[in-house]
Novice: 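Could you have a look at this structure, given as structure tokens, before my questions?
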Amino acid sequence: MNTVKVAVIGAGVIGLSTAVCLAEALPYCSVNILAEKFSPDTTSDGAAGILMPEVFPDIPVERQRRWFKETFDHLQSIVESPEAPEAGVFLSSGYHIFKEVPTDPNPYWTDFVFGFRTMTVHEMKRFPKHKFGQAFTTIKCECSRYLPWLEKRFRKAGGQIKCEKVTDLQQLIPHYDVIVNCSGLGSHHLVGDEGVCPVRGQILKVHATWLKNFIRDGDGKTYIYPGIDHVTLGGTRQKDDWKLEVDKGDSEGIMERCSQLEPSLQKAQVLEEWVGLRPGRRNLRVEREWLQAQDRQVLLVHNYGHGGCGISLSWGSALDAVGLVRKSLHEKPPHAKL
């Protein structure tokens, strides 16, 4: 097959994962990443990175299971390798606690994390305002390290990177055979998807080296995630809020709620306050279509709308996108006459 020119739009965890999978799995492809922002300035860089996905309502659970399992297996292989420190990937154990017993106490992902169990009455005494809890070990992936590591892996596979803001897909058609849209929230404007909206997240990074176990409230708005260099405290889930400025009221609320779960945090030094906009969407979008311009037809594959599950589903959805590219190129080689 002749060389197939591929443009991947976006350099967050979804864009980089997809670009690496394409470059490594399809050696006949010349893969270029086009993005305005790269690490450390992406939304992914501020993500807590704990593998614990939400459930999308209209996507078959088996497909979501596959995305999570493939991501977990990929990151576990890094955990068990000498690459783990550079990639910022490690095991993390802790507690997921609820004020009421959840409707589904065993979501699909509990089959893949380690040691998943219901917390004992004795353990729950630590959290008197909560009625139910789960203890398990999962994986934490710190994108401030993982994204540069992925970028290095991408370049090693022959990939090219261009700092370029893409505002019109039609402008890419003369230059590429395949376009993969991993623009996250940018898809709101880039492909006119009004179903994509910002879900504003604010966090604190604190110095609290004594904390070793994560604690996450079931509502997803309060969490404590110990990391390599700092502990991440969160958070907020403010839908349709485009504000990127730090809100002092949010910071105070985060510290107050987290300190109720872990009183020692009252002594923690705040290192940084950070805001990011998650690419919210009712359902993650991994699908294909064809773009037409004059006598050229170009494959467009979408991989965006992960919300707060970007890292948790990154490798699995990337492999799915690569599968769509491979299938489409087999059905309709790019240099064939229309």
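The chain is numbered in sequence order, starting from 1. Only a predicted model underlies this, so the values are computations on that prediction, with no experimental measurement involved.
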Novice: Among R216, R257, E256, which one satisfies side chain to side chain donor-acceptor pair (under 3.5 Å) with T222?
Specialist: R257
Novice: Are the charged groups of D111 and R65 less than 4.0 angstrom apart, N to O?
Specialist: yes
Novice: Mind checking ring-ring contact (aromatic ring centres under 6.0 Å, His included) for H302 and listing every partner two or more places apart, or none if nothing turns up?
Specialist: Y304
Novice: Measure from NZ or CZ of K69 to the centre of the six-membered ring of W315 and say whether it is under 6.0 Å with the direction within 45° of the ring axis.
Specialist: no
Novice: Would you name the heavy atoms of V113 and T137 that are closest together and state the gap between them?
Specialist: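 The pair with the smallest heavy-atom distance is CB-O, 3.4 Å.
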Novice: Check K131 with E100, please: is the shortest side-chain N to carboxylate O separation under 4.0 Å?
Specialist: yes
Novice: Can you tell me how far apart CD1 (I161) and CD1 (I33) are? Round to the nearest 0.5 Å.
Specialist: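 Nearest 0.5 Å value for the CD1-CD1 distance: 4.5 Å.
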Novice: With the threshold set at 4.0 Å, does a side-chain nitrogen-carboxylate oxygen contact exist between K162 and E164?
Specialist: no
Novice: Between R153 and E151, is there a side-chain N and carboxylate O pair less than 4.0 Å apart?
Specialist: no
Novice: Salt bridge check, D250 against R200: does any charged N sit closer than 4.0 Å to a carboxylate O?
Specialist: yes
Novice: Would you call E62 and R66 a salt bridge, using N to O less than 4.0 angstrom?
Specialist: no
Novice: Is any side-chain heavy atom of W67 less than 4.5 Å from a side-chain heavy atom of I59?
Specialist: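 Yes, close enough: below the 4.5 Å cut-off.
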Novice: Indicate the atoms forming the closest heavy-atom contact of L150 with V20, along with that distance.
Specialist: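 Shortest heavy-atom separation between L150 and V20 comes out as O-CG2, 3.6 Å.
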Novice: When you compare the side chain of H96 with that of M119, does any pair of heavy atoms fall below 4.5 Å?
Specialist: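 When only atoms from C-beta onward are counted, H96 and M119 do not touch, as no gap falls below 4.5 Å.
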Novice: Can you list every pair that meets side chain to side chain donor-acceptor pair (under 3.5 Å) and has a residue in residues 30-41, with sequence neighbours left out?
Specialist: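 Every pair satisfying side chain to side chain donor-acceptor pair (under 3.5 Å) with a residue in residues 30-41: S39-D45.
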Novice: If you measure from CG on L277 to NE2 on H188, what distance do you get to the nearest 0.5 Å?
Specialist: 12.0 Å
Novice: Enumerate the residue pairs fulfilling side chain to side chain donor-acceptor pair (under 3.5 Å) with a member in residues 112-128, sequence neighbours excluded, ordered by first and then second residue.
Specialist: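 Matches after skipping sequence neighbours: R117-E123, T120-E123, R126-E262.
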Novice: Which heavy-atom pair separates G15 from V8 by the least distance, and what is that distance?
Specialist: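 Closest heavy-atom pair between G15 and V8: O-CG1, 3.6 Å.
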Novice: Less than 4.5 Å apart, side chain to side chain, heavy atoms only: is that true for F72 and L51?
Specialist: yes
Novice: What is the distance from atom NE2 of H230 to atom CG of L204, rounded to the nearest 0.5 Å?
Specialist: 10.5 Å
Novice: Hey, are E273 and K205 close enough for a salt bridge, meaning a charged N less than 4.0 Å from a carboxylate O?
Specialist: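 Judged by the 4.0 Å cut-off on N to carboxylate O distance, E273 and K205 do not form a salt bridge.
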Novice: Between D229 and R145, is the closest basic N to carboxylate O distance under 4.0 Å?
Specialist: yes
Novice: From Y223 OH over to I50 CD1, what is the distance, rounded to the nearest 0.5 angstrom?
Specialist: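 One finds 11.0 Å between OH of Y223 and CD1 of I50.
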Novice: Assess whether a salt bridge exists between D219 and R237, defined as any Lys/Arg side-chain N lying under 4.0 Å from an Asp/Glu carboxylate O.
Specialist: no
Novice: Salt bridge check: are D217 and K221 linked by an N-O gap of less than 4.0 Å?
Specialist: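 Judged by the 4.0 Å cut-off on N to carboxylate O distance, D217 and K221 do not form a salt bridge.
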